[in-house]
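The chains referred to below are lettered A, B, ... by the order of the sequence lines, with proteins before strands, and numbering in each begins at 1.
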Number of protein chains: 2
Amino acid sequence: MNENPAPRRASLGLVLRHAHLRAAQLFTEELRPLGLENHHAGVLLHIGLLEMQTQRQLVDSMGVDKSAMVRTLDALEARGLVRREAHPTDRRAHAVVLTPAGQELLAQVEAAAERTDARATSCFTPEERELFHDLAAKFVRG
Amino acid sequence: MNENPAPRRASLGLVLRHAHLRAAQLFTEELRPLGLENHHAGVLLHIGLLEMQTQRQLVDSMGVDKSAMVRTLDALEARGLVRREAHPTDRRAHAVVLTPAGQELLAQVEAAAERTDARATSCFTPEERELFHDLAAKFVRG
DNA sequence: TATTGTTATACTCTATAACTATA
DNA sequence: TATAGTTATAGAGTATAACAATA
């Protein structure tokens with residue numbers, strides 16, 4: 001009375017965990033020459049997505065804890081990659097912006113991310129690659 | 001001379017991070033009534049994928065550290081959900097198997113995972129859902 | 001009264017290495 | 001000599017709450 005004789009397929013959540021894990025491992029390799037950790041590079045990438053944003057916006061868009069963001073930005077600021085500036089309208093808030101050195105490094109991080117994506121999707125046809133990226137983005141938006 | 005005036009699209013790696021994050025959050029909600037953490041539920045799901053496996057196989061298939069696996073299995077064993085049995089041919093290895101209580105709870109975890117997948121993919125058509133799952137699985141295999 | 005960012009704290013996770021018992 | 005599992009330990013990350021300044 002085995003009603004499920006076929007090998008069970010891993011749930012989508014499990015598959016997505018492995019997918020992210022694999023991408024993160026490849027990214028770590030690409031990042032090694034830059035002397036950056038995944039987490040710091042991720043924050044730089046997120047800062048690069050918007051011209052200017054507060055720590056709060058960064059915390060929301062990355063889904064990390066705000067106290068963790070404080071420490072990460074402390075580290076990036078100590079390396080001269082980002083600056084916390086006065087927010088034009090809200091004196092509580094900090095505007096997080098890239099320094100010239102940060103912009104330069106960000107360009108390298110973006111190149112590393114592109115190389116990572118290319119390596120990670122080398123099993124795909126160009127059409128599959130686009131489709132997967134599109135569907136993943138739609139999935140994230142919910 | 002702006003050669004990239006369109007809003008930059010997040011790299012696939014970043015998107016996959018968010019995709020996994022979102023699925024994990026929904027899974028946490030579904031798991032709450034079961035009194036299980038994501039991590040422990042994930043190990044149960046992985047144990048459920050194969051009839052019998054060693055700790056080493058579990059470590060490899062999950063991509064976690066072996067010392068972390070020791071602690072997780074200690075916790076699951078203390079709750080009476082799994083047992084470490086003698087391996088039939090290798091006396092160094094432990095065969096990790098589910099207890100009856102573990103099998104019962106696994107069934108509930110699998111149901112929770114299915115509900116999670118359904119909620120997470122509610123923005124998709126059935127065709128997109130299948131396609132995304134298939135492409136993600138192919139991506140993982142590399 | 002709520003929000004932004006900071007600090008403090010305890011807890012968990014990770015990474016590393018050493019150790020044992022087997023192979 | 002290499003592998004499976006365990007233990008120990010230090011470092012990083014996470015979650016929580018409390019706090020000051022500002023809205």
Side-chain angles (χ1 to χ4, degrees), chain A residues 17-18 20-25 27-29 31-32 35-44 46-47 50 52-79 82-97, chain B residues 17-18 20-25 27-29 31-32 35-44 46-47 50 52-79 82-97:
Chain A
R17 178 177 172 276
H18 280 111
H20 172 239
L21 206 60
R22 174 157 175 272
Q25 282 165 344
F27 194 37
T28 301
E29 295 174 16
L31 239 31
R32 217 182 310 271
L36 264 181
E37 287 168 37
N38 274 24
H39 191 235
H40 290 178
V43 173
L44 285 182
H46 270 270
I47 295 177
L50 263 74
M52 187 271 276
Q53 50 192 322
T54 65
Q55 278 184 223
R56 176 58 197 264
Q57 285 175 300
L58 219 38
V59 160
D60 287 345
S61 68
M62 292 199 65
V64 301
D65 192 76
K66 61 181 178 176
S67 67
M69 184 59 71
V70 170
R71 281 190 299 275
T72 301
L73 289 178
D74 284 349
L76 292 177
E77 201 164 27
R79 287 185 56 172
V82 310
R83 265 201 318 272
R84 286 186 251 225
E85 297 186 346
H87 191 277
T89 60
D90 188 338
R91 293 209 296 169
R92 296 171 305 178
H94 292 168
V96 179
V97 297
Chain B
R17 178 177 172 276
H18 280 111
H20 172 239
L21 206 60
R22 174 158 174 274
Q25 282 165 345
F27 194 37
T28 300
E29 294 174 16
L31 240 30
R32 217 182 309 272
L36 264 181
E37 287 168 35
N38 273 26
H39 191 237
H40 290 178
V43 172
L44 285 182
H46 270 271
I47 296 177
L50 263 74
M52 188 270 275
Q53 51 192 322
T54 64
Q55 278 185 221
R56 177 58 197 264
Q57 286 176 301
L58 220 38
V59 160
D60 287 346
S61 68
M62 291 201 64
V64 301
D65 191 78
K66 60 180 179 176
S67 67
M69 184 58 70
V70 169
R71 281 190 299 274
T72 301
L73 289 178
D74 285 349
L76 292 177
E77 202 165 24
R79 287 185 57 174
V82 309
R83 265 200 319 273
R84 287 186 252 223
E85 297 186 345
H87 190 278
T89 60
D90 187 339
R91 293 208 298 170
R92 296 171 303 179
H94 292 169
V96 179
V97 297

Minimal non-hydrogen separation, Thr54(A) against His87(A), with atom names | CG2-CD2, 3.5 Å

Closest approach of Ile47(A) and Gln53(A), non-hydrogen atoms and distance?
-> CA-NE2, 3.3 Å

Does the His46(B) side chain pair with the main chain of Val59(B), one donor and one acceptor, at a distance under 3.5 Å?
-> no

Gln55(A) (side chain) donor-acceptor with Arg84(A) (main chain) under 3.5 angstrom | no

Rounding to an integer number of Å, can you tell me how far [X] [atom1] sits from [N] [atom2]?
| X | N | atom1 | atom2 | result |
| --- | --- | --- | --- | --- |
| Asp74(B) | dT6(D) | CG | P | 7 Å |
| Asp90(A) | dA23(D) | CG | P | 6 Å |
| Leu73(A) | dT4(C) | CG | P | 15 Å |
| Lys66(A) | dT7(C) | NZ | C1' | 11 Å |
| Arg91(B) | dT3(D) | CZ | C1' | 15 Å |
| Met69(A) | dG13(D) | CE | P | 12 Å |

Of the nucleotides dG13(D), dT6(D), dG5(C), which one has an atom closest to the side chain of His94(A)?
->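 Among dG13(D), dT6(D), dG5(C), the one nearest the side chain of His94(A) is dG5(C).
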
Taking only the side-chain heavy atoms of Glu37(A) (C-beta and beyond), determine which of dG13(D), dA23(C), dG5(D) contains the nearest atom.
->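 Output: dG13(D).
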
Output the residues of residues 52-61 of chain B in contact with DNA chain C, where contact means a heavy atom of the residue under 4.0 Å from an atom of the strand; sort by number or write none.
-> none

What does Arg84(B) touch in the nucleic acid at a heavy-atom separation under 4.0 angstrom: a base, only the sugar-phosphate, or nothing?
-> sugar-phosphate

Between [atom1] on residue [X] and [atom2] on residue [Y], distance to nearest 0.5 Å:
| X | Y | atom1 | atom2 | result |
| --- | --- | --- | --- | --- |
| Arg83(A) | His94(A) | CZ | NE2 | 13.5 Å |
| Arg92(A) | Arg56(A) | CZ | CZ | 10.0 Å |
| His39(A) | Leu76(A) | NE2 | CG | 9.5 Å |

Please figure out whether Asp65(A) or Thr89(B) has its closest DNA chain C nucleotide nearer the 5' end.
->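 First, find each residue's nearest nucleotide; the 5'-ward one identifies Asp65(A).
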
Polar pair under 3.5 Å, donor/acceptor by atom type, side chain Arg92(A), base dT3(C) =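 A donor-acceptor contact between them is present.
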
Could one point to a donor on the side chain of Ser67(B) or the base of dT14(C) with an acceptor on the other under 3.5 Å away?
->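 Donor-acceptor pair under 3.5 Å: no.
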
Which residue lies more 5' along DNA chain D, comparing Ala95(B) with Arg71(B) via nearest heavy atoms |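 Whichever sits nearer the 5' end wins; that is Ala95(B).
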
